[in-house]
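I have placed the structure first, in the form of structure tokens, so that the comments after it can refer back to it.
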Amino acid sequence: MPELPEVETTRRGLAPHARRRRIVELAVYEPRLRWPVARELPRKVAGRRIERVGRRAKYLVLGLDDGNSMLVHLGMSGNLRVVPADTARLKHDHFDLKLDSGKALRFNDPRRFGSLLYADGDLRRHPLLKDLAPEPLTAAFDGEYLWRTTRGRRVAIKALLMNSHLVVGVGNIYASEALFRARIRPQRQARSLSRAEAARLARAVRAVLRMAIKAGGTTLRDYRGAEGDPGYFRQRLYVYERKGRPCRRCRTPVRALTQGQRSTYYCPTCQG
DNA sequence: ACGCCCTCCTGTTGGC
DNA sequence: TGCCAACAGGAGGGCG
């Protein structure tokens, strides 16, 4: 579900409520997430102040006043919302991070692919973060980088866009959308991209992520921001979920195909 | 190192 | 209406 724009939207919604707040209690109702929630986590974070609400790839990072951090990953169906702490719990509410404001950050995740992790000290050494590629919205990710890292790679460019060793934050929706905007077929071998195409694709990735953030992300079903509101980028999608419907640019019916057990959408006319 | 495939989990949808 | 299979936004891990 949530890709970079949705996680970033959640981060922005959370930040004003969480920053400088002290953690009164971490209440874990269901520790069986993607990674089991460590038993000692509530004890470690109780009483700490949240100093930073950040993001790395699709992880939300809560930086604590003791130099350690909590990481929250939303998985496919997760939401992290701000609620009054006494709000009645619903099905699939898995933990509450209760703050000294009387609010709680409440995590709901039907599929339980999300996670709540603790990282002591340097985030860059955390096992799940240490090998991640650059952020797409930083200067490190540009056409030259993309061209260089795709050399020799026989895998389809669409699959490579979703590989967090190449670039982070791009999932199934925005991979299709970026390739459409760059006018590149998703099935193309990554190594076949020209320098110009790599440059177009890098720009398209950045553009589509930026625009999606502006729209508050894409809500297909479950996604809600920190305040409970959906994202509005769905209505701006060019190909994703539009199989058989006319391309918004040229009216050719959009095609779907399966790559690595994931759906890909593209326009056979616009994407040469 | 690389590329492919499977897995975790629940809910929804579509076909019969 | 019921049943069952297919599919869904992630991504680690195992295999050849």
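So that the names make sense, note that chain A is the first sequence line, chain B the second, and so on, each numbered from 1.
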Identify the pairs formed between an N or O of the protein and an N or O of nucleotides 2-6 of chain B at a distance under 3.5 Å, and give each distance.
from  : atom 1 : to       : atom 2 : distance (Å)
B/dG3 : OP1    : A/Arg154 : N      : 2.6
B/dG3 : OP1    : A/Val155 : N      : 3.3
B/dG3 : OP2    : A/Arg153 : NE     : 2.6
B/dG3 : OP2    : A/Arg153 : NH2    : 2.8

(request) Using the six-membered ring for Trp and the full ring for Phe, Tyr or His, decide whether A/Tyr223 stacks on the six-membered base ring of C/dG9 (centres under 5.5 Å, planes under 30°). (result) no
(message) Counting primed atoms plus P, OP1 and OP2 as sugar-phosphate and everything else as base, spell out the protein contacts along nucleotides 10-15 of chain B at 4.0 Å heavy-atom distance: B, S or - for each nucleotide, 5' to 3'.
(response) BSS---
(message) Keeping A/Arg185 on the side-chain end and A/Pro268 on the backbone end, is there a donor-acceptor pair under 3.5 Å?
(response) yes
(message) Output the rounded distance in Å from OH (A/Tyr265) to P (C/dG9).
(response) 7 Å
(message) Clusters formed by hydrophobic residues whose side-chain heavy atoms approach within less than 4.5 Å: which one holds A/Leu71, and what are its other members?
(response) A/Trp35, A/Tyr59, A/Val61, A/Leu117, A/Leu123, A/Leu128, A/Leu129, A/Leu132, A/Val168
(message) Suppose the criterion is ring-ring contact (aromatic ring centres under 6.0 Å, His included): which pairs have a residue in residues 241-269 of chain A, not counting sequence neighbours?
(response) A/Tyr240-A/Tyr265
(message) Students often get this wrong, so: under 4.0 angstrom with heavy atoms, is A/Tyr240 touching a base, only sugar-phosphate, or nothing?
(response) sugar-phosphate
(request) Can you run through DNA chain C from 5' to 3' and write each base as (, ), [, ], | or . depending on how it pairs? Watson-Crick or G-U wobble, both distances under 3.5 Å. (result) .|||||||.|||||||
(message) Measuring from atom OG1 of A/Thr10 to atom CZ of A/Arg81, what distance do you get when rounded to the nearest 0.5 angstrom?
(response) 10.0 Å
(request) Would you mind reading off the distance between A/Arg56 atom CZ and C/dG10 atom C1', rounded to a whole angstrom? (result) 16 Å
(message) Rounding to an integer number of angstrom, what distance separates B/dT7 and C/dA5 when you compare their P atoms?
(response) 16 Å
(request) Provide, to the nearest angstrom, the distance between the CG atom belonging to A/Asn172 and the C1' atom belonging to C/dG10. (result) 10 Å
(request) Mind running salt bridge (Lys or Arg N to Asp or Glu O under 4.0 Å) on A/Arg188 and A/Glu197 for me, showing each step along the way? (result) CA-CA 11 Å; A/Arg188 292 265 306 276; A/Glu197 287 173 325; 2.7 Å; yes
(request) Spell out protein contact along nucleotides 11-16 of chain C as letters: B when the base is contacted, S when just the sugar-phosphate is, - when no protein heavy atom is under 4.0 Å; keep the 5' to 3' order. (result) SSS---
